[in-house]
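Each remark here refers to the structure printed beneath this line.
Positions are given from 1 along the sequence.
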Amino acid sequence: MLSRVALAAIIASAPAAHPRVVSADPIDTTPHVLDGIVNAITVVGRTVVVGGSFSEVSDASRGTIHARDNLFAYDLVTGRILPGFAPSVAGPVFGLAAGDRGTVYVGGEFHGVNHQRARGLARLALADGSLTPGFDPRIGGGMVTSVVRQGARLYVGGDFTSPRTALARLDATTGAADPAFAITPGGPLTARVKVHALAVSRDRLAVDGSFTTLGGHSRPQLGLIDVGGAQARVAPWRTEAYARACSPNFPSYVRGLDFSPDGSYFAVVTTGGARGGICDTAARFETYSRGSAIRPTWVNATGGDSLYAVAVTGAAVYVGGHQRWLDNPRGRDSAGPGAVSRPGIGAIHPRTGKALSWNPTRERGIGVKAFYAHGGGLLVGSDTTRLGREYHARIGMFPLP
């Protein structure tokens with residue numbers, strides 16, 4: 001386990017590459033979320049910000065309970081819950097991103113913060129939870145599910161209808177929509193188009209959701225956007241992997257995605273039901289492949305259990321959901337030949353696509369909804385209270401050994 005001195009030396013404001021797989025023994029200083037679910041985590045300096053749908057949190061010892069409306073923050077090194085950061089967020093939080101000068105971007109399905117108007121997206125000061133003056137994104141018509149920041153640009157996805165439909169690039173300071181980003185998801189597989197997840201690396205933005213087109217180009221549930229130039233363009237990258245239907249209960253089944261630290265590849269996880277193929281799987285794709293029928297480099301199947309979250313660190317592809325197994329392509333809600341037990345959380349070798357031996361276990365519940373890899377380890381958010389065979393209510397951290 002890392003010492004506090006070692007942790008304090010880590011600059012954890014952005015996801016980091018890991019030289020090895022994290023420990024299977026969670027640290028003992030993380031707080032506990034006492035109800036609901038954690039949907040999002042980010043780190044700003046040495047402050048961990050946690051969002052979801054909950055009302056109470058406690059310190060690691062469970063000696064003091066704090067009321068918190070869907071959002072709280074704590075010190076990465078000590079685990080101390082920040083007393084001054086207690087904003088009232090009037091609805092669930094689904095996305096978080098670090099801001100400059102001690103701020104955090106918060107996306108979700110809410111209509112206000114601190115009894116002030118803030119629909120779907122806000123920028124808050126970590127010092128006191130107040131709204132940051134001058135940030136006015138004018139989100140309307142729906143929720144924000146994902147928030148990612150790249151320098152002066154803020155990318156947001158969801159099912160909102162303004163300032164654009166489901167996907168927008170905003171000025172990170174003012175919240176104004178960028179006219180140079182005019183790519184709209186279309187051809188929805190659900191009642192309305194919805195972006196589930198975003199990730200950005202170098203000159204590519206990865207987008208997944210309930211669409212079949214991006215900017216008028218066929219992109220079934222997944223696409224890449226070239227954001228390296230003055231005008232954003234749909235990249236010449238297309239896969240048929242998610243064109244196939246899964247269970248009728250899941251007309252759209254892509255969920256989490258994440259780039260490798262160097263941006264050369266990314267991983268996608270899905271739900272969908274025990275139908276074989278690409279349903280209930282993790283898959284790796286190469287970022288700079290070109291073509292109209294790009295195939296995944298590898299696919300790892302659970303055999304019928306949903307995966308919701310993924311984090312790529314270079315040493316591993318961590319996946320989380322309510323899965324029972326990995327390496328299970330022939331399972332049908334059962335353990336097929338070669339299946340390995342990985343309840344609730346697991347790690348996959350980035351090159352081979354096979355499960356690594358790392359197996360801390362997690363109480364399955366609904367599943368892991370949030371990962372955040374930083375210089376000191378891997379933060380995990382979910383809806384259950386057992387992680388690594390210990391009590392860690394809805395949030396925990398596996399340190400780098």
Side-chain angles (χ1 to χ4, degrees), residues 1-2 18 20-41 48 50-54 57-58 60 62 74 79 94 197 255-258 267 269-271 280-282 300-313 315-328 331 333-335 339-349 354-374 376-401:
M1 185 178 297
L2 287 179
H18 288 173
R20 62 189 71 89
V21 177
V22 294
S23 168
D25 181 17
I27 65 171
D28 297 328
T29 55
T30 49
H32 306 291
V33 176
L34 301 180
D35 60 350
I37 188 168
V38 169
N39 294 319
I41 304 169
V48 182
V50 182
S53 180
F54 50 79
V57 301
S58 78
R62 289 184 269 176
Y74 70 93
F94 296 116
R255 291 299 182 261
L257 56 77
D258 192 33
V269 293
T270 65
T271 180
D280 293 328
T281 63
N300 193 306
T302 67
D305 293 328
S306 299
L307 296 174
Y308 299 116
V310 59
V312 185
T313 66
V317 176
Y318 298 97
V319 296
H322 59 247
Q323 80 276 13
R324 290 163 285 182
W325 308 282
L326 290 175
D327 295 354
N328 195 22
D333 223 13
S334 61
V340 296
S341 176
R342 295 294 185 271
I345 193 168
I348 298 170
H349 194 290
K354 295 295 184 182
L356 293 166
S357 61
W358 188 77
N359 187 26
T361 77
R362 189 191 64 80
E363 185 182 9
R364 292 169 58 222
I366 295 171
V368 173
K369 288 297 184 78
F371 283 126
Y372 190 94
H374 60 86
L378 179 71
L379 288 154
V380 183
S382 72
D383 65 313
T384 53
T385 62
R386 302 291 298 181
L387 182 70
R389 299 176 177 85
E390 300 172 358
Y391 181 85
H392 292 281
R394 298 172 181 82
I395 188 162
M397 179 184 139
F398 296 105
L400 272 174

With a 4.5 Å cut-off on side-chain heavy atoms, are [Y] and [X] touching?
X: Y318; Y: V22; value: yes
X: H32; Y: I395; value: no
X: F398; Y: W358; value: yes
X: P343; Y: N359; value: yes

Donor-acceptor pair, T384 side chain versus E363 backbone, under 3.5 Å? yes
Would you confirm whether R362, through its side chain, and G321, through its main-chain N or O, come within 3.5 Å as a donor-acceptor pair? yes
Only one of D383, N39, V33, L34 clears side chain to side chain contact (heavy atoms under 4.5 Å, CB included) with F54; which? V33
Applying the side chain to side chain contact (heavy atoms under 4.5 Å, CB included) test to D258, which of V269, V312, T313 qualifies?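 Single side chain to side chain contact (heavy atoms under 4.5 Å, CB included) partner of D258 among V269, V312, T313: V312.
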Provide the closest heavy-atom pair for [X] versus [Y] in the form atom of the first, atom of the second, distance.
X: V319; Y: A282; value: CG1-CB, 3.9 Å
X: V368; Y: S382; value: CA-CB, 3.9 Å
X: A309; Y: K369; value: CB-C, 3.9 Å
X: R386; Y: Y391; value: NH1-N, 3.4 Å
X: H18; Y: L400; value: CD2-CD1, 3.8 Å
X: S23; Y: P401; value: N-CD, 3.7 Å

If I take atom [atom1] from residue [X] and atom [atom2] from residue [Y], how far apart are they, to the nearest 0.5 angstrom?
X: L378; Y: Y372; atom1: CG; atom2: OH; answer: 11.5 Å
X: L356; Y: D327; atom1: CG; atom2: CG; answer: 9.5 Å
X: L387; Y: I345; atom1: CG; atom2: CD1; answer: 6.0 Å
X: M397; Y: I41; atom1: CE; atom2: CD1; answer: 11.0 Å
X: W325; Y: D280; atom1: CH2; atom2: CG; answer: 11.5 Å
X: D25; Y: R389; atom1: CG; atom2: CZ; answer: 10.5 Å

With sequence neighbours excluded, residues passing ring-ring contact (aromatic ring centres under 6.0 Å, His included) with H392: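 ring-ring contact (aromatic ring centres under 6.0 Å, His included) check on H392 returns nothing, list empty.
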Name the orientation class of the two ring planes belonging to Y308 and H322 (parallel below 30°, tilted from 30 to 60°, perpendicular beyond 60°). perpendicular
Give the C-alpha distance, both sets of side-chain angles, the deciding distance and a yes or no for side-chain contact (heavy atoms from CB on, under 4.5 Å) between Q323 and N328. CA-CA 11 Å; Q323 80 276 13; N328 195 22; over 6 Å; no
How far apart are the C-alpha atoms of N300 and T281, what are their side-chain angles, what is the distance that settles it, and do they pass the side-chain contact (heavy atoms from CB on, under 4.5 Å) test? CA-CA 6 Å; N300 193 306; T281 63; over 6 Å; no
Non-neighbouring partners of T271 that pass side-chain hydrogen bond (donor to acceptor under 3.5 Å, both in side chains), sequence neighbours left out: S306
